[in-house]
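Worksheet for the structure shown next.
So you know, we letter chains A, B, ... as the sequences are listed, proteins then strands, and number each from 1.
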There are 2 protein chains.
Amino acid sequence: MRADAARNRERLLDAASRIVAERGVDAPLEEIARQAGVSIGTLYNHFPTREALLDAVLVGRLASLDRLGSEALAAPDPWDGFAGFVEGLFALQAENHGLNDAIARAGSFSPEAAAACHRGFRHVDQIIARAREAGRLRPDFETADLITLVWAVSQVIRESMSAAPDAWRRFLAFFLDGLRPGAARPLPVEPLGPDRLAAILGPPPAT
Amino acid sequence: MRADAARNRERLLDAASRIVAERGVDAPLEEIARQAGVSIGTLYNHFPTREALLDAVLVGRLASLDRLGSEALAAPDPWDGFAGFVEGLFALQAENHGLNDAIARAGSFSPEAAAACHRGFRHVDQIIARAREAGRLRPDFETADLITLVWAVSQVIRESMSAAPDAWRRFLAFFLDGLRPGAARPLPVEPLGPDRLAAILGPPPAT
DNA sequence: AATCAAGTTGAGATCCCCCTCAATTTATTG
DNA sequence: CAATAAATTGAGGGGGATCTCAACTTGATT
């Protein structure tokens with residue numbers, strides 16, 4: 001690769017990181033090219049689709065979900081594992097608007113991102129089961145409820161990121177207090193079934 | 001007003017109700033005109049701005065928040081009043097995407113809508129205070145936390161409305177279980193101050 | 001039925017974004 | 001210092017949305 005091309009690629013990645021962080025995965029590509037000091041054509045040379053650029057910018061951070069899930073399962077206390085996972089997950093989303101969008105949409109904009117999210121969520125069934133079985137998490141909380149929580153918190157983050165970047169922690173604390181077995185009261189409706197979840201999220205990636 | 005004009009106005013309101021319900025407050029105006037069987041020019045004759053049309057379509061329903069707030073304060077049991085208010089509020093949001101958008105944005109697209117939302121939330125301070133003082137609601141829950149909850153639930157509704165229109169009820173149940181005094185554990189961060197809230201929502205309407 | 005204000009129309013100006021490609025510039029190599 | 005392959009450029013085509021206005025049609029009135 002020619003030296004100028006390598007340089008431009010770096011500049012594009014820099015600009016994309018910055019702008020996707022600020023404006024989310026739908027940020028205008030022209031803006032990214034402009035900030036990189038490069039023409040829109042060059043952007044398309046390096047990244048033929050928005051998805052390619054988002055992959056380059058986001059998948060690395062998304063991969064950190066992996067470790068988070070493993071650590072949660074390995075935590076000595078099952079509740080701490082569970083709560084640590086959701087806190088770590090949302091802390092990642094709260095890093096920037098791009099990650100928040102990516103996780104809230106389960107990476108649906110690209111196979112790479114979808115796979116990264118899927119891998120990151122690989123252990124949630126076990127994390128939840130372990131905490132439930134230890135009697136530390138209410139028994140009627142299911143994986144689908146965590147998905148719903150992700151939608152909810154993603155919006156709290158979206159709205160409050162600029163003015164109060166920690167506001168989601170307070171929201172989450174209220175919610176977690178409702179997940180202790182002692183707090184549980186009967187729930188009014190059934191959890192989302194896999195079919196309905198798939199209707200919203202799209203099919204899970206093949207692997 | 002001429003008969004044809006009255007007829008077209010009705011058709012526009014019908015179409016707008018339907019389409020805003022389905023697609024939210026950003027639905028394309030051309031689509032509304034098309035479904036009303038009327039040209040885009042006629043739409044603009046009757047409603048010079050999107051806001052005027054949204055007001056006509058949404059403010060009536062938003063006004064029902066008023067009664068909801070009063071009833072909540074009048075409820076014999078303070079907790080039931082509080083929980084009934086939030087359930088009624090979200091049930092209204094869950095009616096359609098337009099209302100959901102309108103309430104989530106605090107009606108910021110027009111003074112009328114903003115005023116309607118503001119009126120509807122007039123009593124929340126008291127509703128919360130009453131439940132707290134009765135020892136039925138945890139004492140660290142504040143009005144700003146309800147705003148955060150509105151953001152959160154609005155997203156749950158947005159995502160799940162078509163596939164599982166009741167999913168928000170389950171989410172809310174978890175959250176409410178965390179709001180009982182017995183469930184309360186220390187919160188990690190302070191509530192959103194009025195300044196930060198204003199930075200996000202815009203200034204409250206004058207009245 | 002003639003008149004005319006009221007109402008309707010839709011092409012087109014404007015904006016914003018996506019994406020392409022022929023022409024041009026630039027880095028590298030012998 | 002050519003020669004040439006690699007890379008860059010940005011105008012332009014296309015889509016979708018908002019909003020306007022001069023020309024036209026229609027309902028009400030006498």
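Aromatic ring orientation, Phe171(A) versus Phe171(B): parallel (interplanar angle below 30°, classes split at 30° and 60°).
With rounding to the nearest 0.5 Å, the separation of CD1 in Ile32(B) from CZ in Phe47(B) is 9.5 Å. Asp55(A) contributes atom CG, which lies 7.5 Å from atom OG1 of Thr49(A) (distance to the nearest 0.5 angstrom).
Following rounding to the nearest Å, Arg2(A) (CZ) and dA6(D) (C1') show an atom-to-atom distance of 5 Å. Rounded to an integer number of Å, the gap from Glu31(A) CD to dC19(C) C1' is 18 Å. dG10(D) atom C1' lies 16 Å from atom CG of Leu29(A), rounded to whole Å. The CE atom of Met1(B) sits 15 Å away from the C1' atom of dT26(D) (whole-angstrom rounding). Between the CZ atom of Arg34(A) and the C1' atom of dC17(C) there is a distance of 14 Å, given to the nearest Å.
Between Arg122(B) and Asp66(B) a salt bridge is recorded (basic side-chain N to carboxylate O distance below 4.0 Å). Remark: Arg132(A) does not engage Asp145(A) in a salt bridge, criterion side-chain N to carboxylate O under 4.0 Å. In summary, Arg7(A) and Glu10(A) do not engage in a salt bridge, as defined by a charged side-chain N under 4.0 Å from a carboxylate O. Salt bridge present: Asp101(B) and Arg158(B) bring a charged side-chain N and a carboxylate O closer than 4.0 Å.
Among residues two or more places apart in sequence or in another chain, the salt bridge (Lys or Arg N to Asp or Glu O under 4.0 Å) test is passed with Glu71(B) by Arg67(B). A search for side-chain hydrogen bond (donor to acceptor under 3.5 Å, both in side chains) contacts involving Thr143(A) returns Asp125(A), not counting sequence neighbours. Under the side-chain hydrogen bond (donor to acceptor under 3.5 Å, both in side chains) criterion, Glu159(B) pairs with Gln155(B), not counting sequence neighbours.
Residue Arg196(B) qualifies as open at atom CZ: its count of foreign heavy atoms under 6.0 Å is 12 or below.
Only Asp4(B), listed by number, bring a heavy atom of residues 4-13 of chain B to less than 4.0 angstrom from any atom of DNA chain D. Taking every heavy atom of residues 39-55 of chain A and every atom of DNA chain D, pairs under 4.0 Å involve Ser39(A), Ile40(A), Gly41(A), Thr42(A), Asn45(A), His46(A), by number.
Stretches of at least 3 consecutive Watson-Crick or G-U wobble pairs, with each checked distance under 3.5 Å, appear in DNA chain C as C:1-30 with D:1-30.
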